[in-house]
Amino acid sequence: MKALARYDEAIEIAQKGLLFEANRKTIYRSAEIFFELGEILTLQGNLAQAEKYYIRSMYLSLTTNNNHFLRLLLIALKQKQNLQLLQENITILEKSFNNI
């Protein structure tokens with residue numbers, strides 16, 4: 001739906017995915033869903049809300065040890081230079097890796 005610019009439908013589908021995961025008491029795909037919500041909101045011009053979803057995606061990937069997705073996610077998120085809070089969180093996350 002996102003590719004077809006049917007953003008409201010895409011958001012609805014993503015929210016259903018999060019609800020499905022909550023009902024099953026799992027977070028297996030939630031980080032990816034949060035990222036997609038961020039992408040949709042970015043396309044809609046709602047950068048403040050998108051930034052929140054990007055940050056949630058990043059930290060959920062970290063806390064669930066989804067290292068493969070986290071590496072890909074960081075590559076994508078570093079390109080969003082206009083989102084200052086996101087970039088600050090990326091810096092914090094990367095510093096924590098260097099201290100391990």
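Only a predicted model underlies this, so the values are computations on that prediction, with no experimental measurement involved.
Scanning both residues, S57 and F69, for their nearest heavy atoms gives OG-CE2, 3.8 Å. Residue S30 comes nearest to L60 through the heavy atom pair CB-CD2, 3.4 Å, listed as atom of the first residue, atom of the second, then distance.
Judged as a salt bridge (charged side-chain N to carboxylate O under 4.0 Å, His left out), and not counting sequence neighbours, the contacts of K80 are E39. The side chain to side chain contact (heavy atoms under 4.5 Å, CB included) search around K78 returns I90, E94, not counting sequence neighbours. Not counting sequence neighbours, the partners of Y59 by the side chain to side chain contact (heavy atoms under 4.5 Å, CB included) test are I55, L62, N89, I92, L93. Scanning for side chain to side chain donor-acceptor pair (under 3.5 Å) contacts around Q79 gives an empty result, with sequence neighbours left out. Applying the side chain to side chain donor-acceptor pair (under 3.5 Å) criterion to Q87, with sequence neighbours excluded, gives no partner residue. Contacts of E21 classified as salt bridge (charged side-chain N to carboxylate O under 4.0 Å, His left out), with partners at least two apart in sequence or in another chain: none. Residues passing the side chain to side chain donor-acceptor pair (under 3.5 Å) test with Q49: none are found, sequence neighbours excluded. Contacts of T42 classified as side chain to side chain contact (heavy atoms under 4.5 Å, CB included), with partners at least two apart in sequence or in another chain: L47, A50, Y54. Under the rule for a side chain to side chain donor-acceptor pair (under 3.5 Å), the partners of E32 that lie at least two apart in sequence or sit in another chain are R29.
Pairs engaging residues 61-71 under the side chain to side chain donor-acceptor pair (under 3.5 Å) rule: none recorded [sequence neighbours left out]. For the salt bridge (Lys or Arg N to Asp or Glu O under 4.0 Å) condition, no pair includes a residue of residues 56-69, sequence neighbours left out.
One hydrophobic cluster, built from ILVMFWY side chains closer than 4.5 Å, cannot hold both I27 and F20; they sit in different ones.
A donor-acceptor contact shorter than 3.5 Å links the side chain of E51 to the backbone of L85.
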Show every donor-acceptor pair shorter than 3.5 Å between a side-chain atom in residues 10-19 and any protein atom, with sequence neighbours excluded, or say none if there are none.
from: E12; atom 1: OE2; to: K16; atom 2: NZ; distance (Å): 3.4

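When side chains are defined from C-beta on, Y53 does not count as touching I40, because their heavy atoms never get closer than 4.5 Å.
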